[in-house]
Amino acid sequence: MHKNKSYFFCGIGGSGMLPLANIVRDAGASVAGSDRALDQGRLGPKFEWLQSLGINLFPQDGSGIMSANQILIASAAIEDSVPDVAKANALGCARMTRAELLADLFNNAPRSVAVGGTSGKSTVTGMIGWILTDAGCDPTIMNGAVMKNFVADDAPFASARVGQGDVFVSEVDESDGSIALFTPEVAVLNNVSLDHKSLEELRQLFGDFARKAKACVWNADDAETAALIAPMALQSAISFGFSADAGFRATDITDLPLGSRFTLHAMGDAYPVALIVPGRHNIANTLAAIAASVALGVSVAQAVRSVESFNGLARRFDIVGTANDITVIDDFGHNPDKIAATLATLKAFPGRIVAFFQPHGYGPIRVMGAELASVFADNLGADDHLILCDPVYFGGTVDKSIGSESITDAVAKAGRNADYIPIREDCGNRIVQLARPGDRIVVMGARDDTLSAFAADILGRLQR
């Protein structure tokens, strides 16, 4: 279907673009692209790897658009004034969004599982992908994060895997409404909570998502999800959670610093499970992944064996290292649910938290700034410390009237230690100054891959 086609990805280094570019390249398409980060000299290793795969990269100046036969893959929000878009329009190139191309691939797969929900999508997608791979199903996997189990010397940015089996596994996004494009055999609904859209919009999107699937795996512990599923009378609805009536249920939980143990109750049997990724949220993610894999025909016992060797994702409670008894953690936390889960995992064990957060835009602060402030105020203790810099901003027109200081002001008003330091480099200086033995420093934020380098730099400075 995609063989001999020519795609040009505008923003090819993005977390959603890069894996998709690799999937269509492996399907026989010609792939090229541009990226603002490349032009700015950022994220060099990622772009060097793409070039090593035979993907041609160009400045984001329109020079890579050379033929009307090229198909431009670009965000729906990208402005027509961007040179790549202007050149494609002038030549009459076809244009698709990332989600439209992904949905085209996904909906044409013989079997499919889509993972939706406000939080946990990437982890559950990675878990399902690893279970199916380990079980010999050879799936194709589309993820928004690097899956550690698939990282290799020739695949350092393994956010996608191309298999020869029938199953396509993908996370799907509600933030731009593109979840509506997907028709999965198995739909996983992790949770429904405030992020990019209002709850009313989310209920409509997630409700339609669940209805279209042959089987829906849903979170019995999430009140919004339960209320959404209850009146639907779905033909095949499989619940998971800690609730007594969940179809895939966890009991006898032991939290460990770098993992957990629990008993899985499913389909009339009990199974001991030992995870090497920490936190109660990852137990819930595991329940969802096992339930979805079973819906695709994998045995519960096989799914348990496989998930126990799941190593996690880059930037999901990713321990960068420890120096002088100070641990640095790199984390994707950026909405209230994700941040609460990360902080809860940290608070389960002793030690002060020094939390750095870079909001992923000015828009998200307007939408959920109050909720973010509440999460920090509720989950940080009197000795903990929160530091925010200015939000991610890579250009374009945006309302900057409400910034990071609105969050730190609210957290400080609630009696917690919170500093707004506009420049990220200065935040790093403050963190190193604050750090003392026993601390856990967590770097949180999304839409900016240089956060990992920021976390690594903090660790390096602590090692001196």
Side-chain angles (χ1 to χ4, degrees), residues 113 115 117-135 147-149 186 188-191 216-223 225-226 237-296 298-313 316-319 329 331-333 337-351 379 440:
V113 54
V115 183
T118 311
S119 301
K121 293 188 290 290
S122 297
T123 299
V124 174
T125 299
M127 285 179 168
I128 295 170
W130 176 242
I131 291 169
L132 295 176
T133 302
D134 196 50
M147 300 173 284
K148 293 182 181 179
N149 289 81
V186 179
V188 180
L189 183 49
N190 287 342
N191 39 52
C216 178
V217 175
W218 62 280
N219 186 351
D221 296 331
D222 182 61
T225 302
I238 307 161
S239 61
F240 68 90
F242 304 100
S243 305
D245 56 351
F248 284 69
R249 179 189 177 206
T251 64
D252 309 318
I253 296 163
T254 302
D255 291 309
L256 303 170
L258 298 178
S260 65
R261 293 193 299 269
F262 66 94
T263 300
L264 166 67
H265 301 270
M267 304 179 76
D269 288 312
Y271 305 82
V273 184
L275 299 179
I276 53 176
V277 288
R280 297 285 175 116
H281 62 295
N282 273 324
I283 296 176
N285 290 337
T286 299
L287 297 174
I290 291 174
S293 300
V294 170
L296 289 165
V298 177
S299 71
V300 178
Q302 174 65 62
V304 168
R305 284 195 300 273
S306 299
V307 82
E308 288 186 323
S309 58
F310 177 71
N311 291 319
L313 307 178
R316 270 52 171 195
F317 207 89
D318 199 354
I319 296 175
I329 299 160
D331 190 75
F332 190 66
D337 278 357
K338 288 183 173 73
I339 290 171
T342 296
L343 295 178
T345 300
L346 288 167
K347 294 302 284 186
F349 300 93
N379 288 275
R440 284 82 52 76

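- Annotation: side chain to side chain contact (heavy atoms under 4.5 Å, CB included) contacts of Ile319 (sequence neighbours excluded): Leu258, Thr327, Ile329.
- Looking at Val186 and Ile128, their side chains never come closer than 4.5 Å, going by heavy atoms from C-beta outward.
- To the nearest 0.5 angstrom, Asp337 atom CG is 7.5 Å from Asp222 atom CG.
- The side chain to side chain contact (heavy atoms under 4.5 Å, CB included) test applied to Ala341 returns His281, not counting sequence neighbours.
- With sequence neighbours excluded, no residue forms a side-chain hydrogen bond (donor to acceptor under 3.5 Å, both in side chains) with Asn219.
- Here the side chains of Ile339 and Thr342 are not in contact, with every heavy-atom distance at 4.5 Å or above.
- The side-chain heavy atoms of Val300 and Asp269, taken from C-beta on, include no pair separated by under 4.5 Å.
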Validation: residues 271-279 side-chain donor-acceptor distances under 3.5 Å, sequence neighbours left out:
none

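- Residues forming a ring-ring contact (aromatic ring centres under 6.0 Å, His included) with Phe332 (at least two apart in sequence, or on another chain): His334.
- A 4.5 Å side-chain heavy-atom check between Leu346 and Phe317 finds at least one atom pair inside the cut-off.
- Counting only distance, with no hydrogens or angles, the side chain of Asp221 and the backbone of Phe242 share a donor-acceptor pair below 3.5 Å.
- One distance of note links CZ of Phe310 with CG of Asn282; it measures 7.5 Å at 0.5 Å rounding.
- For residues 122-132, the side-chain hydrogen bond (donor to acceptor under 3.5 Å, both in side chains) pairs, not counting sequence neighbours, are Ser122-Asn143, Ser122-Glu171, Ser122-Arg316, Trp130-Ser309.
- Of the residues listed (Leu287, Thr286, Ile290, Ile283), the one engaging Phe240 in a side chain to side chain contact (heavy atoms under 4.5 Å, CB included) is Leu287, and it is the only one.
- Residues that satisfy the side-chain hydrogen bond (donor to acceptor under 3.5 Å, both in side chains) test with Asn191, not counting sequence neighbours, are absent from this structure.
- The line from CE of Met127 to CG of Asn311 is 10.5 Å long, rounded to the nearest 0.5 Å.
- Residue pairs meeting the side-chain hydrogen bond (donor to acceptor under 3.5 Å, both in side chains) criterion with at least one partner in residues 255-268, sequence neighbours excluded, are Thr251-His265, Asp252-Thr263, Asp255-Arg280.
- Checked against side-chain hydrogen bond (donor to acceptor under 3.5 Å, both in side chains), Asn190 has no partners two or more places apart in sequence or in another chain.
- With sequence neighbours excluded, the residues that form a side chain to side chain contact (heavy atoms under 4.5 Å, CB included) with Ala220 are Trp218, Ser239, Ser243, Ala246.
- For Asp134, the side-chain hydrogen bond (donor to acceptor under 3.5 Å, both in side chains) partners at least two apart in sequence or on another chain are Ser306.
- Applying the salt bridge (charged side-chain N to carboxylate O under 4.0 Å, His left out) criterion to Asp318, with sequence neighbours excluded, gives Lys148.
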